[in-house]
Enquirer: 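Handing you this structure, nothing more for now.
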Amino acid sequence: MKIDTLCVQAGYEPKNSEPRVLPIVQSTTFAYDSAETMGKLFDLEEAGFFYTRLANPTLDTVAKKIAALEGGVGAMLTASGQAASLISITNICKAGDHVIASAAIYGGTFNLFNKTLRDLGIDFDFVSPTSTADELEKFFKPNTKAVFVETVTNPSLDVIDIELFANAAHAHRCPLIVDNTFATPVNCRPFEWGADIVVHSTSKYMDGHAVALGGVVVDSGNFDWTQGDYPMLTTPDETYHGVVYTEQFGKAAYITKCCTHLMRDLGCQQSPQNAFLLNLGLDTLALRMERHCANALKVAKYLEGHDKVESVNFPGLESNPYYELAQKYMPKGTCGVISICIKGGKEGAVRFMEGLKLAKIVIHVADARTCVLHPASTTHRQLTDEQLVDAGIAPNMVRFSVGIEDPDDIIEDIAQALECV
Ligand SMILES: *Cc1c(COP(=O)(O)O)cnc(C)c1O
């Protein structure tokens with residue numbers, strides 16, 4: 001089935017007399033008539049639900065839909081995008097291991113890696129998103145366990161050369177983990193280009209209405225963990241009576257360990273209510289992405305010709321340095337987010353934002369309503385000036401998230417706000 005159909009149909013197959021629409025199973029716990037059956041669930045000998053921290057029918061169904069959208073073997077929902085990024089790394093890395101990450105990643109991911117995971121003993125090197133194969137090569141060490149990038153970066157809108165990063169990672173028997181939040185599987189399917197694991201903040205386009213925080217980890221099933229150095233997956237897990245994930249679960253080893261081990265221990269599960277809302281968003285994801293991208297291109301073209309605007313960064317513009325890469329990986333469009341530098345420095349940027357009427361100033365991004373944000377003073381304010389440059393963020397940069405309203409109304413709002421600059 002095509003992606004538009006999967007958005008609506010994948011995951012949920014009601015049997016006779018069951019609800020047509022995915023039900024919210026709002027129960028922490030599930031009943032059994034024998035202690036023995038429950039024991040088998042604990043030992044992973046049988047699949048079934050017993051506690052929502054580990055698995056829940058609503059969550060499972062929505063995870064299945066997202067796995068189908070990305071073309072993976074399995075997926076696990078998390079309470080937030082941050083939790084998904086955390087688990088994607090800690091599922092295969094422990095203290096003493098090393099990860100190579102693109103420097104152009106979401107600010108929250110950068111802090112998670114550079115501070116929290118570093119404090120826990122996992123070492124990180126941050127590399128340019130435009131690194132060549134030779135440049136990347138220098139960062140691999142014997143203890144490198146993963147490479148982490150974003151398809152289209154929030155907010156600098158760098159487009160990553162997925163194949164180049166995947167080849168570099170695979171040459172060192174490491175998986176490539178891709179945060180595909182901004183592109184969504186409607187515009188880009190990283191597994192088709194060699195990525196092994198995909199993560200999303202589903203709080204953005206997937207939910208699409210800014211109502212439900214969430215995240216997801218998706219496993220392609222393509223990476224052979226037995227060829228690299230991943231004892232967490234290839235040697236017995238004593239906390240599950242010695243299960244060896246690669247032997248018992250084969251292609252689904254990574255995602256099974258995410259659910260059984262890390263979700264059990266970290267407990268960052270999404271709520272069934274949020275999963276229901278996420279699923280409603282997914283139903284219309286393909287339709288909304290088409291409109292977001294078409295609107296963003298119109299807005300970007302308008303801004304490009306405006307004399308109050310210093311520069312427009314949108315990979316859909318032919319003048320953009322990432323245009324070719326974007327055409328290769330995301331021919332239908334990248335996303336609805338544009339970043340613009342307003343003339344008049346930081347003050348100019350702030351005056352423009354405060355002049356907008358339809359577009360509100362919010363931290364959020366990538367939902368149906370047009371909104372704006374000043375990254376240097378909000379999401380990325382903890383970065384040093386040097387780190388800001390590495391992450392591609394100028395003091396006068398405004399992140400403009402184009403919604404699905406009529407594009408003429410969005411442009412009219414921008415026009416009147418630029419008069420305030
Ligand atoms: C928002 C975001 C995250 C973090 O997700 P939350 O759901 O806010 O925890 C991670 N990656 C990207 C690209 C994001 O935009």
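For ligands, and for the atoms within them, numbers begin at 1 and follow the listed sequence.
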Enquirer: Please test M289 against N187 for side-chain contact (heavy atoms from CB on, under 4.5 Å), starting from the C-alpha separation and ending with a verdict.
Expert: CA-CA 8 Å; M289 288 314 289; N187 286 342; 3.7 Å; yes
Enquirer: Please give the N or O to N or O pairs under 3.5 Å between ligand 1 and the protein, distances rounded to 0.1 Å.
Expert:
| residue | atom | partner | partner atom | Å |
| --- | --- | --- | --- | --- |
| ligand 1 | 5 (O) | S201 | OG | 3.0 |
| ligand 1 | 7 (O) | G81 | N | 2.9 |
| ligand 1 | 7 (O) | S201 | OG | 2.8 |
| ligand 1 | 7 (O) | S203 | OG | 2.6 |
| ligand 1 | 9 (O) | G81 | N | 3.0 |
| ligand 1 | 9 (O) | Q82 | N | 2.9 |
| ligand 1 | 11 (N) | D179 | OD2 | 2.7 |
| ligand 1 | 15 (O) | N154 | ND2 | 2.8 |
| ligand 1 | 15 (O) | K204 | NZ | 2.7 |

Enquirer: Please check: side-chain N/O of N56 versus main-chain N/O of V25, any donor-acceptor pairing under 3.5 Å?
Expert: yes
Enquirer: Can any side-chain N or O of Q270 pair as donor or acceptor with the backbone N or O of T78 at less than 3.5 Å?
Expert: yes
Enquirer: Could I get the full list of salt bridge (charged side-chain N to carboxylate O under 4.0 Å, His left out) partners for E192, not counting sequence neighbours?
Expert: R189
Enquirer: For F191, which residues count as a ring-ring contact (aromatic ring centres under 6.0 Å, His included) partner, sequence neighbours excluded?
Expert: none
Enquirer: By salt bridge (charged side-chain N to carboxylate O under 4.0 Å, His left out), which residues pair with R118, not counting sequence neighbours?
Expert: D123
